[in-house]
Amino acid sequence: MPMSLNIKEIRKDFPILERETQSGVRLTYLDSTATSQKPLQVIEAMNDYYRRSNANIHRGVHTLAEEATAMYEGAREKIAKFINASSPREIIYTRNTTESINLVAYSWARANLKQGDLVILTEMEHHSNLVPWHMLQAERGIELDFIPVTDDGLLDLEVYKALLKRTPKLVSFTHMSNVLGTINPAGEIIRLGHEVGAIMLVDGAQSVPHLKVDVQALDADFYAFSAHKMCGPTGIGALHGKSALLEAMPPFMGGGDMIKEVKLRSFRPNTLPHKFEAGTPAIAEAVGFGVAVDYLTKIGMDDIAAHEHEITSYALERLEEIPGVKLFGPSADKKGGVAAFTLEGVHPHDVAQILDRDGIAVRAGHHCAQPLHEKFSIPATSRASFYLYSTKEEVDLLVNGLYKVKEMFG
Ligand code: 7TS
């Protein structure tokens with residue numbers, strides 16, 4: 001049974017939550033789906049790294065170079081453990097989820113897909129899991145098809161099963177939607193895809209920060225995520241891949257560190273994971289990523305998920321009470337901490353701008369999921385999102401703010 005979190009104590013770790021956005025107006029941060037705030041532990045670890053240990057990695061024998069290398073590789077071990085990868089060799093550092101997906105598209109897909117091969121995506125994908133495949137379609141003539149989203153914001157698995165009869169080479173889908181909040185049944189989707197021999201890529205940008213993810217239990221072939229959405233810094237993310245697949249893949253970018261040997265006219269690539277990490281990487285960010293993982297582990301992913309569930313259920317309940325509010329996505333038991341909505345007669349950008357006057361940070365727009373908004377015949381939504389530091393009081397402030405917006409717009 002998860003314990004409830006001590007939110008008061010947790011909030012002390014996030015100094016930004018104390019700031020005012022203008023005189024006398026304290027921040028109510030409801031935009032963690034875009035990026036999470038960072039705890040002092042992460043901020044200080046990165047600061048300490050630059051103050052004490054900064055050096056380039058993997059290529060020096062001096063003390064600082066060895067220390068920096070140990071910190072960079074130590075973080076990789078923590079990240080591997082956090083998602084239960086079978087080895088740190090299966091964790092490739094990237095810049096973010098977007099780059100992780102592009103790594104698969106450029107390396108694995110360009111080596112393995114030919115004209116006419118089918119790639120299945122879903123209608124709820126973020127642009128970062130659509131555009132790389134559009135680009136490959138234009139270059140290679142691969143075919144794309146999509147698992148539809150039902151009116152209540154779930155993937156239509158019956159249509160998915162029918163699509164699988166066309167034996168796709170790759171299925172790539174989001175574990176959790178950044179708009180609807182839907183937590184997709186990733187294990188089942190992967191199992192069904194594997195039955196027809198598809199390679200399974202999961203966009204974990206929203207799941208790894210909020211749920212306990214076990215890549216071995218899920219049996220995903222590739223799993224992509226970003227540090228900045230899980231209390232870590234911007235500029236670093238990861239791709240988990242099964243080592244047999246990663247071993248067989250050509251390098252994505254060429255340069256220093258990704259090679260074993262270079263001659264004037266040839267090179268031999270390095271072993272995993274370095275084969276995919278060309279050039280000086282984001283070292284301080286890796287250190288911060290590792291500490292973010294420590295931080296989340298210490299609090300406990302089950303407790304974080306339970307807290308978010310409580311806040312989300314409360315938020316949906318309160319938002320539903322407001323006349324003119326239309327919520328998108330499934331009920332609280334099927335979703336993570338995201339509430340996307342429209343308010344009748346008011347443009348989502350106006351909603352966000354007026355809320356901002358009271359320090360309430362929500363996002364407005366298509367949230368990089370334009371096709372999903374088209375599906376629901378709307379150009380944009382306002383979106384409030386929650387994390388381990390979010391409170392019911394903040395939900396109340398949002399609701400009061402929305403009543404104010406309604407008043408202003410008559
Ligand atoms: N996939 C999903 C499901 C996402 O929510 C995001 C970012 C990405 C991929 C891309 O992550 P990145 O770290 O490479 O940028 N989502 C959002 C959002 O909802 N608002 O801003 C960024």
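Starting from 1, each residue takes its place in the sequence as its number. These figures come from a predicted structure and were not determined experimentally. Read the numbers this way: they start at 1 and go in the same order the structure lists the ligands and their atoms.
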Atom 9 (C) of ligand 1 has as its nearest protein heavy atom Ser128 OG, 3.1 Å
Measure from atom 17 (C) of ligand 1 to every heavy atom in Lys229, His367, Arg383 and give the option owning the shortest one.
Lys229
Could you pull out, from Ser226, Ser207, Ala34, Ala340, the option with a heavy atom nearest to atom 13 (O) of ligand 1?
Ser226
Given Gln206, His366, His126, identify the one with the heavy atom nearest to atom 5 (O) of ligand 1.
Gln206
Please check if the number of heavy atoms outside Asp151 that lie under 6.0 Å from its CG is greater than 12.
no
Under 4.0 Å from any heavy atom of Thr174, which atoms of ligand 1 are there?
3 (C)
Should Ile354 and Phe409 count as side-chain neighbours, where that means a heavy-atom distance under 4.5 Å?
yes
Residue that, paired with Ile283, satisfies side-chain contact (heavy atoms from CB on, under 4.5 Å) out of Ile236, Asn56, Thr69, Asn54
Asn56
Atoms in ligand 1 flagged as close to Ala205, the criterion being non-hydrogen separation under 4.0 Å:
1 (N), 2 (C), 4 (C), 6 (C), 8 (C), 9 (C)
Heavy atoms only: which of Asp31, Thr97, Asp203, Thr98 is nearest to atom 3 (C) of ligand 1?
Asp203
Do Tyr223 and Ser207 have side-chain N/O donor and acceptor atoms under 3.5 Å apart?
yes
If you count the non-hydrogen atoms of other residues, nucleotides and ligands that lie under 6.0 Å from CZ in Arg95, is the total more than 12?
no
Check ion pair Arg89-Glu247 (N to O, under 4.0 angstrom)
yes
What part of His228 sits under 4.0 Å from ligand 1 if we count only heavy atoms: the side chain, the backbone, both or neither?
side chain
